[in-house]
Amino acid sequence: MDYLKSLNEPQYEGAVNTEGPTMIIAGAGSGKTRVLTYRIAYLIEKKGVDPFNILALTFTNKAAKEMRDRIEKVVGTEARNLWMGTFHSVFARILRAEADKLGYPSNFTIYDTDDSKQLIKSIVKELGLDDKIYKPNVVFNRISGAKNRLISWREYINNPIFRADDESNMKPELGKIYKIYSERCFKAGAMDFDDLLFNTNVLFKQHIDVLNKYQQRFHYVMVDEFQDTNISQYLITKKLSAVRQNICVVGDDAQSIYAFRGADIQNILNFEKDYPDLRVIKLEQNYRSTKTIVNAANAIISKNRAQLKKNVWTDNDEGSLIELLKANSDNEEGKLVASSIFEEKMQNQLQNSDFAILYRTNSQSRAIEEALRRMNIKYKIVGGLSFYQRKEIKDLMAYLRFAINHNDEQSLRRIINYPKRGIGDTSVDKIIVAANDHDISLWEVLTNISSFLPGRAANAVMDFVTLIKRFKHDIETKDAYEAANLIAKGSGILKELYEDKTVEGLSRYENVQELLNAVKEYVDDPEKEDKSLGAFLQEIALITGVDNDKDDGEEKVTLMTIHMAKGLEFKNVYIVGLEEDLFPSQMMLSSRADLEEERRLFYVAVTRAERKLFLSYALSRYRFGRLKNCEPSRFIDEIDPMFIKVSKKYGKVESSGLSGDDYAKNFINGMRKTTTSRPVAKTSTYKPSADFEPSDTSGLQAGMKVEHPKFGYGMVTEMDESGANRKAKVHFDDFGEKTLLLSFAKLKIHSN
DNA sequence: GTAGTAGATGTTTTT
DNA sequence: CATCTACTAC
């Protein structure tokens, strides 16, 4: 038990108190994974628990794999038998085994978000509804939200509150769409991500014997990142541990960043009520970061209203100040960051892998990438458009999926006319309508197509059916690799891509080959028992971009979204694009709770840094083909200026406006004006006059009336000249109180 | 009814 | 900037 000696007191408590309900509140960088790892190792080694009886749930496959590796290092290969994985993968596995009890085939397809949205889109179209009002995104989120709160379509339709809510949002048909969506998924033998959890709940509720079986199996249940669980997930773990009560959850309310996915911070805040004899352990010592970073992070999160009491502190050095870089444009921002990395590397003997660049949205990576390439700094992007989301991969996967599950509507839509075989949209719509109107399966329509379509189209469909039957035969008689190869060739996808000699076409062809290689690797892996194509598809259905990152051993700077940065740490971290409306995102600013989530997101990002933290923002950004004005993020103001050093070295803002890159872009776009302003928030009717000319703000004082090009008229309530930047608090008529950095704010002084 | 093309149109985060 | 939509020609 040597490893236990390396733990501090609360960590040790967390590792050895294995019986009864336990909640570990783990501040950022406090060694939570370590505690969880040793806890499991302790159970196996000291308590002699069979790994088969331990269930450990994580949020990403990566986290699961990492923890399994770490446990394996301590207890050896026995750790392989642990039930460890994401909620989705563990319960998909259980659902496959019990699928018949819910009326699903065991080879059910898993729809990703893309599939779900496509299906919603076609349903909206079939119902003759306006897709400007019933936007697939919005409808999907509403359905997803309902499922995550375990509200079935029946309950949804019968609930007057939802109805009233939807009607006031001008979307009275949402319940109907939810119903049809659920029915169509069921008919297609498909579950979406939320169904994996929703249906597990249904399974455990309807089949007590099944629940009992798994209650008997899992003697110990552990949940990592508990703050990110939604109700649906929480209830599953609660049910599973109901008999033995050995449930241990680890989390940090300050790091809850998945509310948009239904994560409910109340889970962690209310856990105590559900388990009155709960043991609560707090890990408050941060081992990762400097005092400056810990304090700056605490400053941000302390502004949140709902939180658990916790005092994160560190013994580490004071460290250097947080550097604030400002740039004229996103391209210049990229250059600043790239050259800063270059210098840091030289001065402090660091490697590329010591650096991470974090951003709020994936699209922000472009400008950074360009700059890094120019300075010849190697980088890798984690996440983003994952391999399995690429069109060519999805196409081939659709063939594989459909050859296994002949009722998978979304896959059929993808492949029935790709490559082109003379079956147009109208025919496809007819097929799907026929299946629904006559209440028969898609495959039945396809195999009896002459009753539904006129001659020419029917012939094309019959050829397609023959093709699929052949593929099915291949799958049943050959291993996954051979079958996939035959399907790639037989479908015509390989030929289609091979003939495309453009750069993109070439890379698509290579990607398909890459997928085939992945199948081969799977088949050749001695640890995999089931070598069928079905088994392969099941395994990769829940794999995402992060898990897929291949390491070729080269030292690289890591680029990723802040969400992906969870659980990682780097010596130097750059957070870019710290602009109002981008981070915090304007889409999130509908309520105070949403702003709190953005703060937690920022907190997570900040605490990734071990030694140095760089914040940067651009005053204008080239997005979606347009150049837009930006303002520095309010988060900069929420950190005590004591911790910030405005970098003079890099942040040279020239008054002339645009850098070379942007001039070039403007020229190409034929734009004479340097910038166009961002659209104003919905509630506002304010439009700045065309000749808006900012005034000199040097004499600005509390009580003065001002005009802002975006926020309209307001009154200065407070001036702050103490820090590096002069700031003014302004109460705007339409937008409430804002803090403005005066060196950037475009203000017109009207009177006093 | 299908295929090809020119023009319009969004754009958050992840399992 | 890639994807979707509307239009035209077969």
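Letters A, B, ... mirror the listed sequences (proteins, then strands); counts begin at 1. Scope of the values below: all heavy atoms of this structure, side chains included, with no hydrogens, waters or symmetry mates.
- Of the candidate nucleotides C:dT5, B:dT14, B:dG1, C:dT5 has the atom nearest to the side chain of A:Lys121.
- Closest contact between the side chain of A:Lys420 and the listed nucleotides B:dG4, B:dT15, B:dT13 involves B:dG4.
- Contact of A:Arg261 with B:dT13 (side chain to base): no donor-acceptor pair of N or O atoms is detected under 3.5 Å.
- Whole-Å rounding puts the A:Asn459 CG to B:dG1 C1' distance at 15 Å.
- Counting to the nearest Å, the P atom of B:dA8 and the NZ atom of A:Lys132 are 14 Å from each other.
- Across C:dC4, B:dT13, B:dT15, the shortest atom-to-atom separation from the side chain of A:Thr86 is found for B:dT15.
- Regarding A:Phe140, its CZ atom lies at a distance of 13 Å from the C1' atom of B:dT13, rounded to whole Å.
- The aromatic rings of A:Phe260 and A:Tyr258 lie tilted to each other, with the angle between the two planes from 30° to 60°.
- Remark: P of B:dT15 and NZ of A:Lys147 are 18 Å apart, rounded to the nearest angstrom.
- Take the nearest nucleotide of DNA chain B for A:Glu598 and for A:Thr426: the residue whose nucleotide is more 5' is A:Thr426.
- When only modelled atom types and interatomic distance are considered, A:Glu510 and A:Ser507 share no side-chain donor-acceptor pair under 3.5 Å.
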Does A:Thr561 form a side chain to side chain donor-acceptor pair (under 3.5 Å) with A:Asn362? I'd like the steps, not just the answer. CA-CA 6 Å; A:Thr561 63; A:Asn362 279 306; 5.0 Å; no

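- Rounded to a whole Å, the CD1 atom of A:Ile120 is 18 Å from the C1' atom of C:dC4.
- As a whole-Å value, the separation of A:Asn137 CG from B:dT9 C1' is 14 Å.
- Mapping A:Ser427 and A:Lys135 onto DNA chain B via the closest heavy atom, the residue that lands nearer the 5' end is A:Ser427.
- Contact check, A:Thr561 against B:dT14: a side-chain N or O comes under 4.0 Å of OP1 or OP2.
- Contacts of A:Asp112 with the nucleic acid, taken as non-hydrogen atoms under 4.0 Å apart, are absent.
- One finds a salt bridge joining A:Glu225 and A:Lys32 here, because a Lys/Arg side-chain nitrogen approaches an Asp/Glu carboxylate oxygen to under 4.0 Å.
- A:Ser89 comes within 4.0 angstrom of no nucleic acid atom, judged by non-hydrogen atoms across all strands.
- Between A:Asn362 and B:dT13 there is a side-chain N or O to OP1 or OP2 distance below 4.0 Å.
- Residue A:Leu196 is out of contact with every strand shown, counting any heavy-atom pair closer than 4.0 Å.
- At a cut-off of 3.5 angstrom, the base of B:dT14 holds no donor-acceptor pair with the side chain of A:Thr60.
- When the side-chain nitrogen and oxygen atoms of A:Lys430 are compared with OP1 and OP2 of B:dG1, one or more of them lie within a distance under 4.0 Å.
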With salt bridge (Lys or Arg N to Asp or Glu O under 4.0 Å) as the test, would you mind laying out the steps for A:Asp429 and A:Arg413 before giving the verdict? CA-CA 9 Å; A:Asp429 287 344; A:Arg413 269 190 195 277; 3.5 Å; yes

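- Ion pair A:Asp253/A:Arg600 not flagged as a salt bridge, since none of the NZ, NE, NH1 or NH2 atoms sits closer than 4.0 Å to an Asp/Glu carboxylate oxygen.
- For A:Phe260, counting side-chain heavy atoms from C-beta on, the closest listed nucleotide (C:dT5, B:dT15, B:dT14) is B:dT14.
- Heavy atoms of A:Phe59 sit under 4.0 angstrom from primed sugar atoms or phosphate atoms, though from no base atom.
- Between B:dA3 and A:Asn417, a contact under 4.0 Å exists linking OP1 or OP2 to a side-chain N or O.
- Atom CG of A:Leu453 and atom C1' of B:dG1 are 11 Å apart (whole Å).
- One can place CD of A:Gln389 at 14 Å from C1' of C:dA2, the figure rounded to the nearest angstrom.
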